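Single-structure report; data block below.
Letters A, B, ... mirror the listed sequences (proteins, then strands); counts begin at 1. Below, all heavy atoms of this structure are taken into account, side chains as well, without hydrogens, waters or symmetry copies. Worth saying up front: this structure is predicted, and the values here are computed from it rather than measured.
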Amino acid sequence: MKVFKTIAWVLLIAFVGIQFFPTERNQSEAEYASDFMEVNTVPPMVQNKIKVSCYDCHSNNTKYPWYNKVQPVAWFLEDHIEEGKNELNFNEWGDYSDRRKNSKLRSIISQIEDDEMPLDSYTFIHRDAKFSESEKKEILKYMTQLKNKL
Amino acid sequence: MKKLKITMSILTMALVALTTMSCKDGKKEGSTAPMSNEMHQEDAGSEMMADNSSNSESSAIIDNYLKIKNALVADNQEDAAKAGGMLMADLKDFDKSKYSSDKQRELTDIIEDATEHAEHISESPMEHQREHFDILSKDMIDMIAITGTSKKLYQDFCPMYNNNKGAQWLSSTEEIKNPYMGSKMPGCGKMQKEIN
């Protein structure tokens with residue numbers, strides 16, 4: 001029992017301790033002229049869905065949930081967002097060359113087609129980020145159009 | 001005292017739960033076929049004859065591109081991944097300085113794109129590797145159009161891949177060995193063009 005208590009204390013102290021590590025926030029109020037929604041004419045439904053489902057990790061502005069303030073969750077989110085933005089940043093869409101746009105669109109289409117994006121771990125908490133079958137079809141149709149126009 | 005213990009266990013459980021629930025998606029290992037060495041050397045022979053001509057850097061890039069191709073022909077996810085990692089390094093080392101600023105801009109674009117595809121190939125299951133290889137092949141063709149190459153290459157085309165949209169690839173052998181369909185249809189495709 002004593003061992004258990006010691007372990008519990010150590011964990012508690014560690015848990016409290018890591019709360020003091022700062023995390024970088026992915027937040028920006030800026031409006032981007034190069035944003036995906038600015039450089040393309042995106043239908044309102046597609047626009048809304050992509051903003052809700054993708055922008056948290058694929059733009060410069062994340063709408064943080066409350067549990068982000070708790071470590072170690074904050075670290076995992078930070079990693080995810082960094083990786084996500086590296087792969088695709090909707091805010092910088094207009095700055096991508098046609099070659100890059102083509103690559104990105106190909107990946108967007110294949111990831112959504114295979115239900116790999118949005119991530120299950122994300123939609124598990126953000127229920128509204130899930131794509132319905134019809135939303136998925138609409139988005140894929142739009143992205144394919146965009147790709148064919150390049 | 002009892003209360004403290006209960007609080008502790010709740011906290012501990014919460015911590016464990018938080019740690020394990022963190023999003024461990026992605027990074028799925030593809031089927032790892034046993035190492036087969038037979039395909040390794042086929043296209044890579046030119047590494048030995050390190051030519052010091054003006055396109056020596058692009059030659060390392062092409063060699064590792066061809067290694068990815070051979071691995072995909074052999075359905076070998078692991079070798080393709082390894083070659084993808086090496087290709088990333090080669091792309092990073094490529095020296096653009098002797099090209100005009102226009103060409104440099106274009107090369108930067110191609111290299112940036114190709115690096116991303118090489119990275120994905122280095123860490124993805126095979127079907128994803130093939131998707132990225134498709135676009136990587138386009139990058140390679142465009143790059144060689146600028147840099148030229150001393151190698152004898154064949155530009156091939158598979159009409160069936162990607163729901164019949166088709167896909168190109170480069171090979172150093174005249175015989176068709178399809179990297180997109182793998183062992184299912186190794187001979188599918190036709191030569192479009194000879195380079196050199």
Check the surroundings of atom [atom1] in [X]: do more than 12 heavy atoms from other residues, nucleotides or ligands lie under 6.0 Å from it?
{"X": "K152(B)", "atom1": "NZ", "answer": "yes"}
{"X": "M181(B)", "atom1": "CE", "answer": "yes"}
{"X": "E194(B)", "atom1": "CD", "answer": "yes"}
{"X": "Q104(B)", "atom1": "CD", "answer": "yes"}

Kindly compute the distance separating [atom1] ([X]) from [atom2] ([Y]), expressed to the nearest 0.5 Å.
{"X": "D114(A)", "Y": "E127(B)", "atom1": "CG", "atom2": "CD", "answer": "10.0 Å"}
{"X": "S107(A)", "Y": "H117(B)", "atom1": "OG", "atom2": "NE2", "answer": "6.5 Å"}
{"X": "S103(A)", "Y": "H120(B)", "atom1": "OG", "atom2": "NE2", "answer": "9.5 Å"}

Can you tell which part of [X] gets under 4.5 Å to a heavy atom of chain A, answering side chain, backbone, both or neither?
{"X": "E112(B)", "value": "both"}
{"X": "E116(B)", "value": "side chain"}
{"X": "N162(B)", "value": "side chain"}

Give the cluster check for W9(A) versus V16(A): same hydrophobic cluster or not, with ILVMFWY residues linked at side-chain heavy-atom distances below 4.5 Å.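 In one cluster with W9(A): V16(A), yes.
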
Check the hydrophobic clustering (I, L, V, M, F, W, Y; side-chain heavy atoms under 4.5 Å; chains of links allowed) and say if M117(A) and L140(A) are grouped together. no

Highest number of heavy-atom pairs under 4.5 Å with chain B: which of K104(A), E87(A), R99(A), R106(A)?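 Maximum pair count with chain B is reached by R99(A).
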
